[in-house]
S.K.: 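Before we start, here is the structure in question, set down as structure tokens.
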Amino acid sequence: MCGIIGYIGKKNAIDIILTGLKRMEYRGYDSTGIAVLQNGEFTVRKRRGKVAELEEIINLDHLVSTCGLGHTRWATHGQPNDINAHPHIDTNGEVVVIHNGIIENYDSLKRDLKSKGHVFRSETDTEVVAHLIESIHKDHPDRNLDEIVAIMLGEIVGTYGLVIMATWDADKIVVARKGSPMILGIGEGEYFAVSDASAIIEHTRDVVYLNDGEMAVLTRTGYSVRDMKNKALDAEIDRITYDLDQIEKGGFPHFMLKEIFEQPESIFNSMRGRIDYETLSVRLGGISTHLGRLLRARRIIIAACGTSWHAGLVGEYLLEEYAKIPVEVEYASEFRYRQPIIYPDDVVIVISQSGETADTLAAAREAKSKGALVVGIVNVVGSTIARETDCGVYIHAGPEIGVASTKAFTAQVTVLAQLALMLGVYTGLDINKRRAFVDALKTIPDLVRRTLELNPEIEAVARTFYQSTNFLYLGRGYNFPVALEGALKLKEISYIHAEGYPAAEMKHGPIALIDENMPVVFVAIQDSTYHKVISNIEEVRARKGRVIVIANEGDEYIDKLAEFVIKIPVTIEPLTPLLTSIPLQLLSYHIAVLRNCNVDQPRNLAKSVTVE
Ligand code: G6P
């Protein structure tokens, strides 16, 4: 949510900032802006819309600077328009600020500052930071920018990733972090502050992940990490390992399609080196030292949001069936506020692609404060959740840029399957069941590859239904969460109203919606619930609903029940979500394309939701 970049060095800051903003545009894309220091003054350019539109006006300006900052916005306070776009400035344009997060006490601060004569231009919470710095500077003209930022941070309440510059302490960038990601890039004679390392990987791979409650100062000659009182701290340098081509489209028209097609590799990578095919066991290095505590767990609570929550639901089925440990799955946003009863012998697993989702992070902190073991299942290496949890497992899906999550979901499910097996080895899982599970996991990347070959068939289904206004998705057992995920994918990127339900619940409400205009997508795999789902299909047909079915290869019976049947390869029941989810991802993708929607950057959404 919001992309942030600050640069100080020897190169042209404008090019570096604009390229970085384009990379981070998936984080927020309603408006964008930059500020650069030229001859001791700031030039600020900002506007509603995409980075490419900002670039057009900047190109006309012929700006030259080696120090500046830029921002892509996902609006919280104030509409997405030119004025509310970041950067924000103080009264005289001597301070510039970009911000990701929410200043919760902005209203009272604003009133106070207004009474002192400050004139505000925008409706944002962020602008208050620029004026507050101006006001503190007026009272302490002898102090430098970092000292003044430290005083300012004592007055604001909320969450922030802040990047700040001032003309009266030029050639310096001050950054601060609380609750929103902030990463320093350490180059040769150049330094960066970004909310996402992908923005700078062609310039440097050496990064410092700022912790919550830390500030940093970047100058042309170096950087230093400080606490919020401006006292110097030691900082560890990490290295980014992914490559530029992993964050580019690589010939695909959209990131989402590229990421759907990457799933044979991403699933494989989420298992690489973890499964011992001889002993039929799994080793997840990040949690192996906590195995005893996991096995003694009275119960496992899984907390997550969005697609990650759906993966958690599949995890519930997997862990209960294979590890025989009771599992509860919670929306992180509900869990954190309902005063949950958490015992020290509970294990809380938080699942997050970005590792930055505010509610999931808060759930992890809540669980940790109550003494539970907190395990993270995360994609983004070095993210806040990855660093704050007691232990964890990276899913290794690689960078996911499309806002609608696809390959992260299947990699999360694959990791949960491995966790279930790892624990099951110690909780009495039958050896034949173990063997069947390991054998099936091994073949999944190939089966995913074969499932992807169905793409043209799925596109044909999309062409038939893309003008529908409602969709229903139904599945049972392991494929109930897949039905939810299919509906979510469609809503997110095509703006068609869609609902997912456990198939048997259909008769308790959704059946009232069915008529000849209602497409109903069934997941009807030949598993333990197959015959029940067939009955549900009959019930929809009897009411003239239009039936699309995801079924197994070799199931001929189903052909006469449905208008469209997509036949996927057969695997064991617990791993079917890894295959059944793929046609549903493709269906929503093609429908969104046919409706001319912005697939990778759907309206109102953001990839990484760092505000509550
Ligand atoms: C946002 C994204 C979803 C994602 C959810 C949770 O809503 O648009 O795709 O599933 O956040 O994100 P996380 O990074 O925690 O998995």
Side-chain angles (χ1 to χ4, degrees), residues 266-304 311-329 343-351 367 372-378 386 389-397 409-448 477-478 481 527-528 570-579:
S266 52
I267 291 175
F268 178 78
N269 288 339
S270 72
M271 296 191 277
R272 190 198 294 269
R274 289 173 163 168
I275 300 176
D276 185 329
Y277 294 98
E278 292 200 348
T279 59
L280 307 175
S281 58
V282 171
R283 188 169 183 282
L284 298 170
I287 56 173
S288 51
T289 51
H290 296 271
L291 188 60
R293 225 167 135 197
L294 274 153
L295 291 167
R296 286 194 304 276
R298 147 205 302 246
R299 65 178 169 167
I300 293 175
I301 299 167
I302 298 178
L313 288 179
V314 181
E316 175 181 26
Y317 287 71
L318 284 162
L319 286 161
E320 293 202 338
E321 178 173 349
Y322 284 85
K324 299 284 176 232
I325 301 174
V327 179
E328 289 164 28
V329 187
Y343 300 102
D345 54 359
D346 282 335
V347 169
V348 175
I349 299 178
V350 285
I351 308 176
L373 177 74
V374 184
V375 181
I377 296 183
V378 172
T389 40
D390 294 310
C391 58
V393 188
Y394 281 120
I395 63 169
H396 295 309
F409 173 77
T410 46
Q412 287 163 343
V413 169
T414 310
V415 163
L416 287 160
Q418 292 171 86
L419 177 63
L421 189 66
M422 177 171 165
L423 300 178
V425 166
Y426 298 91
T427 57
L429 180 61
D430 174 75
I431 190 75
N432 293 323
K433 211 166 163 180
R434 254 164 84 179
R435 184 169 296 113
F437 200 59
V438 168
D439 287 350
L441 268 173
K442 200 173 176 181
T443 62
I444 284 291
D446 261 346
L447 301 186
V448 169
Y478 279 95
D527 59 14
S528 55
V570 177
T571 185
I572 59 167
E573 183 171 345
L575 298 184
T576 51
L578 296 171
L579 304 183

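These numbers were taken from a predicted model, which means no experiment stands behind them. One is the number of the first residue; the rest follow in order along the sequence.
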S.K.: To check you understand the geometry: which heavy-atom pair defines the closest contact between Asp390 and Ala372, and what is its length?
M.R.: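 Looking at all heavy atoms of both residues, the closest pair is OD2-O, 3.6 Å.
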
S.K.: Measure across Val348 and Ala367 and return the closest heavy-atom pair with its distance rounded to 0.1 Å.
M.R.: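 Heavy atoms only, the tightest pair is CG2-CB, 3.6 Å.
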
S.K.: Which atom pair, heavy atoms only, marks the closest approach of Ala411 to Ser266?
M.R.: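 Taking every non-hydrogen atom into account, CB-O, 4.4 Å.
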
S.K.: Kindly list each side-chain donor-acceptor pair under 3.5 angstrom involving residues 280-292, sequence neighbours excluded, with atom names and distances?
M.R.:
unit_1	atom_1	unit_2	atom_2	d
Ser281	OG	Thr279	OG1	2.6
Arg283	NH2	Ser288	OG	3.4
Ser288	OG	Gly285	O	3.1

S.K.: To the nearest 0.5 angstrom, please state how far the CZ atom of Phe437 sits from the CD1 atom of Ile572.
M.R.: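 One finds 5.5 Å between CZ of Phe437 and CD1 of Ile572.
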
S.K.: Any side-chain heavy atom of Leu419 sitting closer than 4.5 Å to one from Ile349?
M.R.: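 The answer is yes, as the side chains (C-beta and beyond) meet within the 4.5 Å cut-off.
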
S.K.: Taking atom CG of Leu294 and atom CG of Leu423, what is their separation to the nearest 0.5 Å?
M.R.: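 It comes to 5.5 Å.
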
S.K.: Go through Leu429 and Val425 one step at a time and tell me if the side chain to side chain contact (heavy atoms under 4.5 Å, CB included) criterion holds.
M.R.: CA-CA 6 Å; Leu429 180 61; Val425 166; 5.7 Å; no

S.K.: State the CG-OG1 distance between Asp439 and Thr443, to the nearest 0.5 angstrom.
M.R.: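 Separation between the atoms: 8.0 Å.
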
S.K.: One pair to check against side chain to side chain contact (heavy atoms under 4.5 Å, CB included): Gln412 and Val314. What are the steps and the verdict?
M.R.: CA-CA 10 Å; Gln412 287 163 343; Val314 181; over 6 Å; no

S.K.: Look up atom CG in Leu319 and atom CE in Met422, then write down how far apart they are to the nearest 0.5 Å.
M.R.: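 With rounding to 0.5 Å, CG (Leu319) is 11.5 Å from CE (Met422).
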
S.K.: Work out which heavy atom in Glu320 is nearest to a heavy atom in Val327; give both atom names and the distance.
M.R.: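 Result for this residue pair: OE2-N, 2.7 Å.
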
S.K.: Does the side chain to side chain contact (heavy atoms under 4.5 Å, CB included) test come out yes or no for Gln418 and Val393, once each step is laid out?
M.R.: CA-CA 10 Å; Gln418 292 171 86; Val393 188; over 6 Å; no

S.K.: To the nearest 0.5 Å, what is the distance between CG (Asp345) and CZ (Arg299)?
M.R.: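 If I round to the nearest 0.5 Å, the distance is 9.0 Å.
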
S.K.: Which salt bridge (Lys or Arg N to Asp or Glu O under 4.0 Å) pairs, counting each pair once, include a residue from residues 416-437, with sequence neighbours left out?
M.R.: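 Listed by first then second residue: Glu321-Lys433.
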
S.K.: Can any side-chain N or O of Thr389 pair as donor or acceptor with the backbone N or O of Val374 at less than 3.5 Å?
M.R.: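 Flag not set: sc Thr389 to bb Val374 has no pair under 3.5 Å.
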
S.K.: Against Leu416, only a single residue in Ile395, Leu318, Leu421 fulfils side-chain contact (heavy atoms from CB on, under 4.5 Å); can you say which?
M.R.: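 Of the listed residues Ile395, Leu318, Leu421, the side-chain contact (heavy atoms from CB on, under 4.5 Å) partner of Leu416 is Leu318.
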
S.K.: So, does Asp346 use its side chain to make a donor-acceptor pair with the main chain of Tyr343 at under 3.5 Å?
M.R.: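 Yes; judged by distance alone, with no hydrogens or angles, the pair exists.
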
S.K.: To the nearest 0.5 Å, what is the distance between OG1 on Thr410 and CG on Leu578?
M.R.: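 CG of Leu578 is found 6.5 Å from OG1 of Thr410.
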
S.K.: Check Pro481 against Leu313 and note the closest heavy-atom contact, atom names and distance.
M.R.: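 Heavy atoms only, the tightest pair is CG-CB, 3.6 Å.
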
S.K.: For Thr576, check side-chain hydrogen bond (donor to acceptor under 3.5 Å, both in side chains) against everything at least two apart and list the hits.
M.R.: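 Scan of Thr576 (side-chain hydrogen bond (donor to acceptor under 3.5 Å, both in side chains), adjacent residues dropped) gives Asn479.
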
S.K.: Is there a side chain to side chain contact (heavy atoms under 4.5 Å, CB included) between Thr414 and Met271? Walk through the geometry before answering.
M.R.: CA-CA 7 Å; Thr414 310; Met271 296 191 277; 3.4 Å; yes

S.K.: Check Ala440 against Thr571 and note the closest heavy-atom contact, atom names and distance.
M.R.: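 In terms of heavy atoms, the two residues are closest at CB-OG1, 3.9 Å.
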
S.K.: Might you confirm whether atom OH of Tyr426 has over 12 heavy atoms from other residues, nucleotides or ligands at distances under 6.0 Å?
M.R.: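 Incorrect, the count does not exceed 12.
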
